[in-house]
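What follows is a short report on a single structure.
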Amino acid sequence: DEEEFTESTLIQAIENQIESDTPPAAKATFNKLTLVGYEREEILNLMAHVLAVEIDAILEEDRAFNTEWYETALRALPELPPEKP
């Protein structure tokens, strides 16, 4: 199923970011949400959602990855970024 593949690919990317500490906001966000009681799977899903919003914007706007926006959106979790209209 394509949706499951996309989700697992996004989650793998997030796990890689946390492990490599790149960007630093990935590990910081994971640790923060763990401390306030979120489950690992829920945290990864929230973070994958942020990554998906940025990837959609890249494809729609034909631009480079916006690390600043991405890190800011990660740090704002559990509040999700607004969806693009």
Side-chain angles (χ1 to χ4, degrees):
D1 176 54
E2 194 176 316
E3 196 173 304
E4 277 181 29
F5 173 77
T6 302
E7 187 178 321
S8 70
T9 302
L10 287 169
I11 287 175
Q12 184 63 55
I14 295 298
E15 288 176 328
N16 292 343
Q17 290 178 2
I18 293 166
E19 204 172 296
S20 66
D21 204 15
T22 307
K27 185 178 268 183
T29 299
F30 182 83
N31 290 339
K32 175 187 89 171
L33 292 174
T34 300
L35 282 171
V36 296
Y38 281 82
E39 295 293 325
R40 176 181 173 79
E41 188 177 336
E42 192 173 6
I43 297 167
L44 294 175
N45 284 332
L46 286 168
M47 293 174 71
H49 177 83
V50 172
L51 182 57
V53 170
E54 176 57 13
I55 289 170
D56 284 346
I58 289 169
L59 296 173
E60 267 181 39
E61 300 164 21
D62 191 28
R63 62 164 171 79
F65 191 87
N66 184 338
T67 306
E68 190 178 324
W69 178 90
Y70 180 66
E71 290 202 41
T72 300
L74 283 179
R75 291 183 190 282
L77 288 173
E79 188 176 313
L80 291 173
E83 294 286 339
K84 297 274 181 183

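Everything numeric in this text was worked out from a predicted model, so none of it was measured.
Distance CG/D21 to CG/N16: 13.0 Å, rounded to 0.5 Å. Atoms CZ and CG, on R40 and L33 in that order, are 12.5 Å from each other to the nearest 0.5 Å. Going from atom OG1 of T67 over to atom CG of L74 covers 10.5 Å, rounded to the nearest 0.5 Å. From K27, atom NZ reaches atom CD1 of I18 across 9.0 Å, with rounding to the nearest 0.5 Å. Taking CE of M47 as the start and CD1 of I11 as the end, the distance is 11.0 Å to the nearest 0.5 Å.
Between A76 and K32, the shortest heavy-atom distance links the atoms C-NZ, 4.5 Å. In terms of heavy atoms, A28 sits closest to R75 at CB-NH1, 3.9 Å. Taking both residues in full, the closest heavy atoms of V53 and P82 are given as CG1-O, 4.2 Å, listed atom of the first, atom of the second, then distance. Residues A52 and L10 come closest through the heavy atom pair CB-CD1, 3.8 Å. When every heavy atom of I58 is checked against every heavy atom of A64, the shortest pair comes out as CG1-O, 4.0 Å.
Looking at Q12 and E15, their side chains come closer than 4.5 Å, going by heavy atoms from C-beta outward. Annotation: side chain of E71 is not in contact with side chain of T29 (no heavy-atom distance under 4.5 Å). Taking 4.5 Å as the limit, every side-chain heavy atom of L77 sits out of range of all side-chain heavy atoms of I43. In this structure the side chain of Y38 reaches within 4.5 angstrom of the side chain of L46, judged on heavy atoms. With a 4.5 Å cut-off on side-chain heavy atoms, N45 and H49 do not count as touching.
The cluster map of Ile, Leu, Val, Met, Phe, Trp and Tyr, joined by side-chain heavy atoms under 4.5 Å apart, puts V36 and L80 in the same cluster. Under the 4.5 Å side-chain heavy-atom criterion for Ile, Leu, Val, Met, Phe, Trp and Tyr, L59 and W69 are members of the same hydrophobic cluster.
Every ring pair (Phe, Tyr, Trp, His ring centres under 6.0 Å) that Y70 has, sequence neighbours left out, goes to F65.
For E54 (side chain) and N66 (main-chain N/O), a donor-acceptor pair under 3.5 Å exists by modelled atom type.
The 12-atom threshold is not exceeded at CG of D62, counting heavy atoms of other residues, nucleotides or ligands nearer than 6.0 Å.
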